[in-house]
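Take a look at the structure set out below.
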Amino acid sequence: QVQLVESGGGLVQAGGSLRLSCSASGRTSSNYAMGWFRQAPGKEREFVAAISWSGYRKYYTDSVKGRFTISRDNAKNTVYLQMNNLKPEDTAVYYCAAKLSFDGSYAYTREDDYEYWGQGTQVTVSS
């Protein structure tokens, strides 16, 4: 079992930045690919970014490319999502997710791929 806890959300003006963190505990000796998803009010949860356990592979949804950066520090069992130039449409609850992975070159973009989820952190961007 892996427990995930997100932090770093908050209220920011458009054009501002936030850095989300996702700390993993439990069976973190195994290798996990990680992802960030978000759910805006009245909408379904959507993929934002993903990273392989090696950090080699990264994927982003088109709307955040060039603004968001996913990274990880395996020594700290933490994954980050640096969000720059935030827009009101980025307002959502952000969730991190983990998937046990045996290939460091794979990252995953589908919700169904992930086995563990955090509780989420609210990000609100005002215009």
Side-chain angles (χ1 to χ4, degrees):
Q1 288 286 337
V2 173
Q3 292 78 45
L4 304 174
V5 178
E6 302 97 336
S7 62
L11 173 64
V12 64
Q13 289 188 333
S17 298
L18 285 173
R19 188 176 80 156
L20 305 184
S21 299
C22 174
S23 297
S25 61
R27 295 189 64 178
T28 55
S29 59
S30 299
N31 299 323
Y32 291 89
M34 302 294 292
W36 286 97
F37 293 76
R38 66 186 180 187
Q39 187 168 21
K43 295 186 177 181
E44 294 188 352
R45 190 157 57 184
E46 65 173 356
F47 167 75
V48 177
I51 188 168
S52 61
W53 66 253
S54 68
Y56 173 79
R57 186 83 63 190
K58 301 178 183 180
Y59 294 125
Y60 299 91
T61 193
D62 286 346
S63 62
V64 308
K65 285 179 180 177
R67 300 189 298 121
F68 291 11
T69 302
I70 189 170
S71 61
R72 65 189 300 159
D73 184 338
N74 288 343
K76 296 182 178 179
N77 296 318
T78 301
V79 174
Y80 305 97
L81 186 67
Q82 178 67 44
M83 305 186 297
N84 297 328
N85 190 22
L86 282 160
K87 303 176 180 181
E89 51 263 43
D90 295 318
T91 295
V93 178
Y94 283 71
Y95 300 89
C96 72
K99 171 182 171 51
L100 184 62
S101 174
F102 299 101
D103 189 325
S105 64
Y106 276 81
Y108 302 87
T109 63
R110 300 187 313 145
E111 281 192 59
D112 290 348
D113 288 327
Y114 288 89
E115 296 142 348
Y116 304 101
W117 291 84
Q119 294 299 307
T121 185
Q122 177 70 47
V123 171
T124 303
V125 184
S126 63
S127 57

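Just so you know, residue 1 is the first one in the sequence shown, and it goes up from there.
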Taken to the nearest 0.5 Å, the spacing of Met34 CE from Ser101 OG works out to 11.5 Å
Taken to the nearest 0.5 Å, the spacing of Ser21 OG from Leu4 CG works out to 12.5 Å
Exercise. Between Glu6 and Cys96, is there a donor-acceptor pair closer than 3.5 Å when you use the side chain of the first and the backbone of the second?
Worked result: yes
Check: Distance only, no hydrogens: is a donor on one side chain within 3.5 Å (strictly under) of an acceptor on the other, for Asn84 and Ser17?
Finding: yes
Under 4.5 Å between any side-chain heavy atoms of Ser52 and Ser105, yes or no?
no
| query | Are the side chains of Tyr95 and Arg45 in touch, meaning some heavy atoms are under 4.5 Å apart? | reply | yes
Treat each ILVMFWY residue as a node, draw an edge where side-chain heavy atoms are under 4.5 Å apart, and state whether Trp117 and Leu100 are in one component. no
Item to check | Test item: Trp53 and Phe102 side chains (from C-beta on) under 4.5 Å apart, heavy atoms | outcome: no
Interatomic distance, CG@Leu20 vs OG1@Thr78, rounded to 0.5 Å, equals 12.5 Å
May I ask you to decide if the ring planes of Tyr106 and Tyr108 are parallel, tilted or perpendicular, using 30° and 60° as cut-offs? parallel
_Assess, by modelled atom type and distance only, whether the side chains of Thr124 and Gln122 contain a donor and an acceptor separated by less than 3.5 Å._
yes
Interatomic distance, CD@Glu111 vs CZ@Phe47, rounded to 0.5 Å, equals 11.0 Å
*Quick one: does Trp36's side chain get under 4.5 Å of Ile70's, heavy atoms only?*
yes
In this structure, CG of Asn31 is separated from CG of Asn74 (nearest 0.5 Å) by 7.5 Å
Worksheet item: Should Tyr80 and Cys22 count as side-chain neighbours, where that means a heavy-atom distance under 4.5 Å?
Response: no
Does the side chain of Tyr94 come under 3.5 Å of the side chain of Arg38 through a donor N or O and an acceptor N or O?
yes
Do Leu81 and Val64 belong together in a cluster built from hydrophobic side chains that touch within less than 4.5 Å?
yes
Check your understanding: Between Thr121 and Val93, is any pair of side-chain heavy atoms under 4.5 Å apart?
Key -> no
Do Val123 and Val125 come within less than 4.5 Å of each other through their side chains, counting heavy atoms only?
yes
The reported gap from CD1 in Ile51 to CZ in Arg72 (rounded to nearest 0.5 angstrom) is 6.0 Å
More than 12 foreign heavy atoms under 6.0 Å from CD of Gln3: is that the case here? yes
- Is it true that Asp90 and Lys87 have a side-chain N and a carboxylate O under 4.0 angstrom from each other? no
